[in-house]
Amino acid sequence: MSATTPLPSLSEDARQAMAHVDGRRLIGMQRALASFGGRADGGVAREALTAAEREARRWLIQQVTGQRYSWHIDAAANLFLRRAGTDDSLPPVMTGSHIDTQPVGGWLDGAYGVIAGLEALLALDSAGIQTQHPIELAVWTNEEGSRFSPGAMGSSAFVEPASLAAFLDSADVDGVRFESERDATSAALPEAGEVPLARPLKAYVEAHIEQGPILEASGLKLGVVTGIQGVRWFEITVRGSSAHAGTAPLDSRRDALMTAATTVARIGEMAALLEDPALRLTVGRFDVAQGAINTVAERATFTIDLRHPDETTLSECESRIREIVSQGAGSCVAEVRCLMQRAPTVFANEVVSIVEAAVFASGEPYCRIVSGAFHDAMHLADHCPSAMLFVPSHGGVSHNAAEDTDEADLIEGARVLAGVLVELSR
C-alpha cells in the first residue's frame, strides 16, 4: 500500500537493525516466556504480580548482560531495561508492553511487545549500532486488570503519579492487596534500581498482536496503528414492581425485565441502522431482581460498552441511547448512568510516519488501522509522542489459549520495531 503523504527516509542504521533481527532467538524467547504460567492446552495463566509473573520478570533480567544495559523499577512496579545512548542525559525512546495475562490467556498478547522490544535491542547490539538517545524496554504492571482493578495500573500511574495512591488498596478475590504484591515484586528484583514515575520520554512505540480479524481477513501482514477508539460505558437501570406471575394481568404489570429487554432490542436496532463499520456496541451484563421464575421482575440493570474512533459519533450515539431509554420506559422508571468515558486516542503523526516508513521498507503488505482494544500506549500518548504496530491474529482470537500468530509475522513485526527504535533514537 502506498502512503498518501511522503514517508521519511529510513537510515542505513535502521535498515541494518532490521536485518540483524534473529528470528530463531525471538521465537525461542517468546516460547520461553510462555512457559511461566504455561498450561497443557497452550494457554498461559500469569496474572499480574503473581509468583509466575515474578519468575517471568526474573527470567527477563537474566537474558541481558553488558555494560550498556541496566534494569530499573518504579513505584508502580513497572520494570525497565535501559540501553545507554551516546548522550545518556537525553530522554529515552521507550518500547514495551505487559506480560500479565487474563486468568487464562494466550502465549502472545502483550508479551509479544516485550519480547519484540528485547529482540530489537539485541539486534542493535548485533549490528554494532549506537544511538544518541537511550532506549528503554518497559514491562508495564497489571495491564489486564483481571487480578487487580482497574487495568493498565502501571502505565496510567507512570503518566499520572497521583493515581497510584488509589490503586494501592485494590485487592484480588482472596483479599491480597496490590500494594503488598507490588512490594514483594520489587523485593524479588534487587538488581533493579529505583526510578521515578513520569520521567520525560522522547517517544513511545508499542508492538502488539492485533487481537482482531482485520489484518488476517485482508491478507495484510502489518498494521500501522494511528489511534485507539474512544469508549463510553453506561449502566441502565429499569425499575418496575414485583408481582405474582400467575395472578398479575399482563396489561397491568410494571415489568422491569420485559421493558429492559425491549430497550436493548431497540438500542441494537439503532446501532444496526447506522451501518457504521467502526461502531462497536456491546451489552455485556444483565442483572435481574428478584430473579425468581414465578415473579415479575421489579428491577433490571444492564450495561453498554460503546466504542468508536470519532468523539462526535460517540456523543450522537449516547444521545440516541438516552432517548430510547426514556421513551421506552412505559409504566416503569429508567435511568442511564455513565460509568466511564475516554475520548479517542490519536497517535502522534511524527511517530506514526516513522512506523509506516519502517513498515514500507519491510516490503510487507500493510494498512493503517485504529485499535479496538485498549493498550498501555493509550496512556503513554498523554505523556509523549506515541504510536503502535500490529501483527495479525489468527481468527482475531485473543485472551484465549487458542491465540496465535504465524512466526514469520512475529519476526517481521520485530524487524520493523528495531528500525523504528533506531530512527526515533538518532
Side-chain angles (χ1 to χ4, degrees), residues 102-104 144-146 149-151 172-173 211-213 229-344 372-374 395-400 402:
Q102 291 287 319
V104 179
E144 294 291 359
S146 61
S149 181
D172 65 13
V173 294
Q211 299 182 285
Q229 62 186 356
V231 64
R232 301 187 185 190
W233 285 357
F234 305 103
E235 181 182 77
I236 293 149
T237 301
V238 179
R239 291 184 174 84
S241 179
S242 60
H244 194 290
T247 60
L250 293 179
D251 60 1
S252 66
R253 293 183 180 188
R254 297 178 59 224
D255 191 327
L257 177 53
M258 292 295 285
T259 300
T262 301
T263 301
V264 168
R266 289 175 177 168
I267 291 172
E269 291 169 1
M270 176 274 294
L273 288 172
L274 291 175
E275 297 183 338
D276 184 340
L279 180 66
R280 303 289 185 270
L281 189 148
T282 304
V283 176
R285 189 175 67 222
F286 212 117
D287 298 320
V288 180
Q290 303 292 335
I293 194 171
N294 61 346
T295 302
V296 175
E298 68 176 2
R299 176 176 53 81
T301 302
F302 61 94
T303 59
I304 291 177
D305 179 314
L306 178 69
R307 305 191 189 207
H308 197 278
D310 177 67
E311 183 76 357
T312 299
T313 302
L314 286 171
S315 295
E316 291 174 352
C317 285
E318 176 177 348
S319 295
R320 294 188 186 196
I321 288 169
R322 291 183 179 276
E323 182 179 358
I324 290 169
V325 170
S326 64
Q327 291 180 351
S331 60
C332 295
V333 176
E335 63 180 7
V336 180
R337 184 164 67 101
C338 184
L339 301 178
M340 182 270 283
Q341 69 178 61
R342 183 176 176 92
F374 293 162
V397 174
S398 188
H399 289 179
N400 186 308

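Hydrogens, waters and symmetry mates play no part in the numbers below; they use all other heavy atoms, side chains included. Worth saying up front: this structure is predicted, and the values here are computed from it rather than measured.
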Chemist: To the closest 0.5 Å, what do you measure between OG (S149) and CG (D172)?
Modeler: 12.0 Å
Chemist: Nearest 0.5 Å please: distance from the CZ atom of F234 over to the CD atom of Q341.
Modeler: 7.0 Å
Chemist: Indicate the atoms forming the closest heavy-atom contact of A373 with R307, along with that distance.
Modeler: CA-NH1, 4.3 Å
Chemist: About how many Å separate OG of S398 and CD of Q102, when rounded to the nearest 0.5 Å?
Modeler: 8.5 Å
Chemist: May I ask you to decide if G291's main-chain N or O and T295's side chain share a donor-acceptor pair within less than 3.5 Å?
Modeler: no
Chemist: Strictly distance-based, threshold 3.5 Å: is any side-chain N or O of Q229 a donor or acceptor partner for the main-chain N or O of G372?
Modeler: yes
Chemist: Please check if the number of heavy atoms outside M258 that lie under 6.0 Å from its CE is greater than 12.
Modeler: no
Chemist: Does this structure show an ion pair linking R320 with E316, if we count only N-O contacts that are shorter than 4.0 Å?
Modeler: no
Chemist: Applying side-chain hydrogen bond (donor to acceptor under 3.5 Å, both in side chains) as the test, list every pair that has at least one member in residues 242-263; sequence neighbours left out.
Modeler: none
Chemist: Among residues at least two apart in sequence or on other chains, which ones pass side-chain contact (heavy atoms from CB on, under 4.5 Å) with V288?
Modeler: L257, F286, A297
Chemist: How far does CD of E235 sit from CZ of R285, to the nearest 0.5 angstrom?
Modeler: 6.0 Å
Chemist: Tell me the closest heavy-atom pair linking A248 and A243, and the distance in Å.
Modeler: CB-CB, 3.7 Å
Chemist: Do you know which two heavy atoms are closest between A343 and E311, and how far apart they sit?
Modeler: CA-OE1, 3.5 Å
Chemist: With a 4.5 Å heavy-atom cut-off, do L274 and C317 have their side chains touching?
Modeler: yes
Chemist: Should R280 and D305 count as side-chain neighbours, where that means a heavy-atom distance under 4.5 Å?
Modeler: no
Chemist: Side-chain contact, heavy-atom cut-off 4.5 Å: V231 with L314?
Modeler: no
Chemist: If you measure from SG on C332 to CD on E298, what distance do you get to the nearest 0.5 Å?
Modeler: 11.0 Å
Chemist: Is any side-chain N of the basic residue among E323 and R266 closer than 4.0 Å to the acidic one's carboxylate O?
Modeler: no
Chemist: Less than 4.5 Å apart, side chain to side chain, heavy atoms only: is that true for I321 and I236?
Modeler: yes
Chemist: Apply side chain to side chain contact (heavy atoms under 4.5 Å, CB included) to L279 and L306, showing your working.
Modeler: CA-CA 8 Å; L279 180 66; L306 178 69; 3.7 Å; yes
Chemist: Working to the nearest 0.5 angstrom, can you tell me the gap between T303 OG1 and L339 CG?
Modeler: 8.0 Å
